[in-house]
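Notes follow the structure.
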Amino acid sequence: MRRIPIEPRENWRQIAEDNGFFFHHVNGEIYWDESVCYALSLEEIESGLEDPAQEIADMCLDLAADIVNSEEMLSALAIPPAFWDLIRDSWQRNEPSLYGRFDFAYDGHGPAKLYEYNADTPTSLYEAAYFQWLWLEDCLASGKLPEGADQFNSIQERLCETFATFHVPGIMHFASMKDTEEDRATVEYVMDCAAQAGIRGKQIFMEDIGVDAQGLFVDLENAPIHWLFKLYPWEFIWRDDFADKVPRSDTTFVEPAWKMVLSNKGMLPLLWERHTGHPNLLRAWFHGAGKAAPVNDYVLKPLLSREGANVHIFRNRKAVFSTGGEYGEEGYIGQELCPPPFVDGHGPVCGVWIVGGKACGLGIREDDTPVTGDLSRFVPHFITP
């Protein structure tokens with residue numbers, strides 16, 4: 001696995017915007033960075049990332065089957081009891097899951113180490129599934145990449161195939177929050193993939209979802225919302241004013257309610273307890289007041305957080321780095337410290353996508369700090385021929 005400088009496409013910004021990718025810069029800082037790329041061998045992709053991600057995905061489903069029936073584990077994850085039956089019923093009905101993303105530390109030397117599972121509202125989907133594939137095709141055509149170069153990327157194909165298994169009888173609504181350009185663009189992309197699978201879609205903002213006289217969810221035209229893809233975390237839903245309406249609604253949510261137990265970082269210590277010593281897992285534990293960490297170098301992460309917020313890094317049991325944010329009231333987990341493998345001052349995190357239960361693609365984000373956050377750059381990759 002090598003980080004390689006490469007000449008950007010001369011008109012890459014125009015190409016991005018022509019394809020609806022308007023968030024290539026965030027707050028004036030570059031987000032999509034094609035001045036470099038990562039080169040990986042097929043062995044590194046298949047044995048180093050794809051196989052471990054698939055194994056852990058299967059392990060997570062086995063774990064979820066136990067969590068949904070355990071009040072003790074649901075309590076440890078700080079999930080409100082009002083949602084326990086919803087989670088259990090969602091699992092028993094086998095409500096379909098579309099996607100998720102595992103984040104790994106990996107440099108081609110030694111096993112990939114799992115940081116966390118973004119199982120509910122994973123970001124960087126469009127750029128991983130579509131735009132970096134377009135970059136690959138353009139760079140092959142211009143000779144910037146060697147003939148025969150490939151990419152670990154069948155994400156879009158898997159999205160379409162998985163949507164085709166949902167058997168949505170009518171319209172599926174696709175929702176994000178207002179004033180979030182990246183989320184809106186991502187939802188449009190997902191809706192397009194659903195359309196390719198024959199699903200009729202309708203876009204809506206979360207703020208515009210209403211409740212009718214029967215307590216069921218409706219859109220602005222008072223049409224029922226029977227299926228809802230939501231780029232909106234479950235932990236936000238359970239804090240909303242309409243939270244009590246969710247268990248009594250007839251809406252099928254994507255991601256489903258049972259994904260709450262896997263999008264929670266508390267699944268990391270539960271996974272470690274069940275598979276202690278697994279080569280792709282880091283030691284993890286529930287970290288409470290008065291509990292000493294079992295290792296000297298570790299990270300504290302909130303059970304529920306987004307984009308690297310409220311992470312605290314300790315070396316020799318002393319805090320050396322922290323990120324801000326508003327998360328953490330539900331509690332923290334501890335995880336053995338495993339910094340990204342910094343190359344020339346840049347720390348890559350390998351995000352392996354799981355779509356329809358299958359590992360199917362890679363997106364790499366890098367940062368100059370030890371924690372990947374919302375401004376971390378997306379860098380494309382290719383498989384060496």
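Cluster membership check: Phe152 does not share its hydrophobic cluster with Tyr99, using side-chain heavy-atom separations under 4.5 Å among Ile, Leu, Val, Met, Phe, Trp and Tyr. Linking Ile, Leu, Val, Met, Phe, Trp and Tyr residues whenever their side-chain heavy atoms come within less than 4.5 Å leaves Met260 and Leu231 in two separate clusters. When hydrophobic clusters are built by joining Ile, Leu, Val, Met, Phe, Trp and Tyr residues whose side-chain heavy atoms come closer than 4.5 Å, directly or via intermediates, Val190 is grouped together with Met172. Note on Leu140 and Phe131: same hydrophobic cluster, where clusters join Ile, Leu, Val, Met, Phe, Trp and Tyr whose side-chain heavy atoms are under 4.5 Å apart, directly or indirectly. Under the 4.5 Å side-chain contact rule for hydrophobic residues, Ile354 and Tyr189 do not share a cluster.
Summarising the geometry, atom CG belonging to Leu281 is positioned 5.0 Å from atom CG belonging to Leu271; distances are rounded to the nearest 0.5 Å. Within the model, atoms OG1 of Thr252 and CG of Leu228 stand 10.0 Å from one another, a figure rounded to the nearest 0.5 Å. Residue Leu145 holds its CG atom at 11.5 Å from CD of Glu137, rounded to the nearest 0.5 Å. One distance of note links OG of Ser249 with CG of Asp244; it measures 11.0 Å at 0.5 Å rounding. With values rounded to the nearest 0.5 angstrom, Trp91 atom CH2 is found 12.0 Å from Ile87 atom CD1. To the nearest 0.5 Å, atoms CD (Gln335) and CG (Leu282) are separated by 4.5 Å.
Ring planes of Phe104 and Phe102: tilted class, angle from 30 to 60°. The aromatic rings of His275 and His278 sit perpendicular, their planes meeting at an angle over 60°, well past the 30° parallel limit.
With Asp107 contributing its side chain and Met1 its backbone, the two residues share no donor-acceptor pair below 3.5 Å. Distance alone, capped at 3.5 Å, places no donor-acceptor pair between the Gln156 side chain and the Cys193 backbone. The main-chain N or O of Pro52 is never found under 3.5 Å from a side-chain atom of Asn280 such that the two would form a donor-acceptor pair. Arg283 places no side-chain N or O within donor-acceptor distance of the main-chain N or O of Tyr298, the cut-off being under 3.5 Å. Remark: side-chain polar atoms of Ser142 are paired, donor with acceptor, to backbone N or O of Cys139 under 3.5 angstrom. Without hydrogens or angle criteria, Asp240 side chain to Phe242 main chain gives no donor-acceptor distance under 3.5 Å. Using modelled atom types, no side-chain atom of Gln196 and backbone atom of Phe163 make a donor-acceptor pair closer than 3.5 Å. For Lys113 (side chain) and Pro279 (main-chain N/O), a donor-acceptor pair under 3.5 Å exists by modelled atom type. A donor-acceptor pair is defined here as one N or O able to donate and one able to accept, closer than 3.5 Å; such a pair exists between the side chain of Trp84 and the backbone of Ile79. In this structure a side-chain-to-backbone donor-acceptor pair under 3.5 Å is present from Glu255 to Leu98.
Sorted by first and then second residue, the ring-ring contact (aromatic ring centres under 6.0 Å, His included) pairs with a member in residues 354-385 read Trp32-Phe378; sequence neighbours excluded.
In Glu207, the CD atom is crowded: over 12 heavy atoms of neighbouring residues, nucleotides or ligands sit closer than 6.0 Å. At most 12 non-hydrogen atoms from other residues, nucleotides or ligands lie less than 6.0 angstrom from CG of Asp241. Counted within 6.0 Å of CZ on Arg317, heavy atoms from surrounding residues, nucleotides or ligands total more than 12; the atom is thus considered enclosed. Counting non-hydrogen atoms of neighbouring residues, nucleotides and ligands closer than 6.0 angstrom, the CG atom of Asp18 exceeds 12 such neighbours.
In this structure the side chain of Leu49 reaches within 4.5 angstrom of the side chain of Leu40, judged on heavy atoms. Put simply, the side chain of Met191 does not reach to within 4.5 Å of the side chain of Phe229, judged on heavy atoms. Under the 4.5 Å side-chain criterion, counting only non-hydrogen atoms from C-beta, Val371 is in contact with Ile313. Under the 4.5 Å side-chain criterion, counting only non-hydrogen atoms from C-beta, Asp219 is not in contact with Asp208. Side-chain contact between Tyr126 and Asn19 is present, with heavy atoms from C-beta onward closer than 4.5 Å. A 4.5 Å side-chain heavy-atom check between Val254 and Trp227 finds at least one atom pair inside the cut-off. A heavy-atom distance below 4.5 Å is not found between the side chains of Pro224 and Phe217. The shortest distance between side-chain heavy atoms of Asp138 and Ile15 falls below 4.5 Å.
Between Gly100 and Pro122 the shortest heavy-atom distance is CA-CG, 4.1 Å. The two atoms that bring Ala309 and Gly325 nearest to each other are CB-CA, 4.3 Å, heavy atoms only. The two residues Gly361 and Ile155 have their closest heavy-atom pair at CA-CG1, 3.7 Å. Closest approach of Ile4 to Ala39, counting heavy atoms only: CD1-CB, 3.5 Å. Closest of all the heavy-atom pairs between Val187 and Ala175 is CG2-O, 3.6 Å. The nearest pair of heavy atoms linking Pro96 to Pro256 is O-CD, 3.3 Å.
Note on Arg274 versus Asp66: salt bridge recorded, some NZ/NE/NH1/NH2 to OD/OE distance being below 4.0 Å. Comment: Glu34 does not engage Lys144 in a salt bridge, judged by the lack of any side-chain N to carboxylate O separation of less than 4.0 angstrom. Salt bridge Lys230/Asp120: present, at least one basic N to carboxylate O contact under 4.0 Å. Using a cut-off of 4.0 Å between Lys/Arg side-chain N and Asp/Glu carboxylate O, Asp103 and Arg101 are scored as salt-bridged. Using a 4.0 Å cut-off between charged side-chain N and carboxylate O, Glu329 and Arg239 make no salt bridge.
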task = Go through Arg365 and Thr123 one step at a time and tell me if the side chain to side chain contact (heavy atoms under 4.5 Å, CB included) criterion holds.
result = CA-CA 11 Å; Arg365 294 184 70 182; Thr123 58; 3.8 Å; yes
task = Could you walk me through whether Leu136 and Gln132 pass the side chain to side chain contact (heavy atoms under 4.5 Å, CB included) test, one step at a time?
result = CA-CA 6 Å; Leu136 176 77; Gln132 73 164 340; over 6 Å; no
task = Show your working on salt bridge (charged side-chain N to carboxylate O under 4.0 Å, His left out) between Glu161 and Lys358 and close with a plain yes or no.
result = CA-CA 11 Å; Glu161 290 174 351; Lys358 299 296 183 183; over 6 Å; no
task = Determine, stepwise, if the pair Glu330 / Glu235 fulfils side chain to side chain contact (heavy atoms under 4.5 Å, CB included).
result = CA-CA 11 Å; Glu330 294 85 3; Glu235 64 266 24; 6.0 Å; no
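For Glu29, the side chain to side chain donor-acceptor pair (under 3.5 Å) criterion is met by no residue, not counting sequence neighbours.
When each of Trp234, Phe83, Trp258, Tyr232 is paired with Phe253, the ring pair (Phe, Tyr, Trp, His ring centres under 6.0 Å) condition holds for Trp234 and for no other.
Aromatic ring centres of Tyr130 and Phe21 lie farther apart than the 6.0 Å criterion allows.
Both the sub-6.0 Å distance and the 45° axial angle are not jointly satisfied by Arg377 relative to the ring of Tyr38.
Side-chain contact check for Tyr31 and Glu182: no donor-acceptor pair (N or O, by modelled atom type) lies under 3.5 Å. Remark: the His24 side chain and the Glu127 side chain contain no N/O donor-acceptor pair separated by less than 3.5 Å. At a cut-off of 3.5 Å, with distance as the only test, no side-chain donor of Asp367 or His346 sits close to an acceptor on the other residue.
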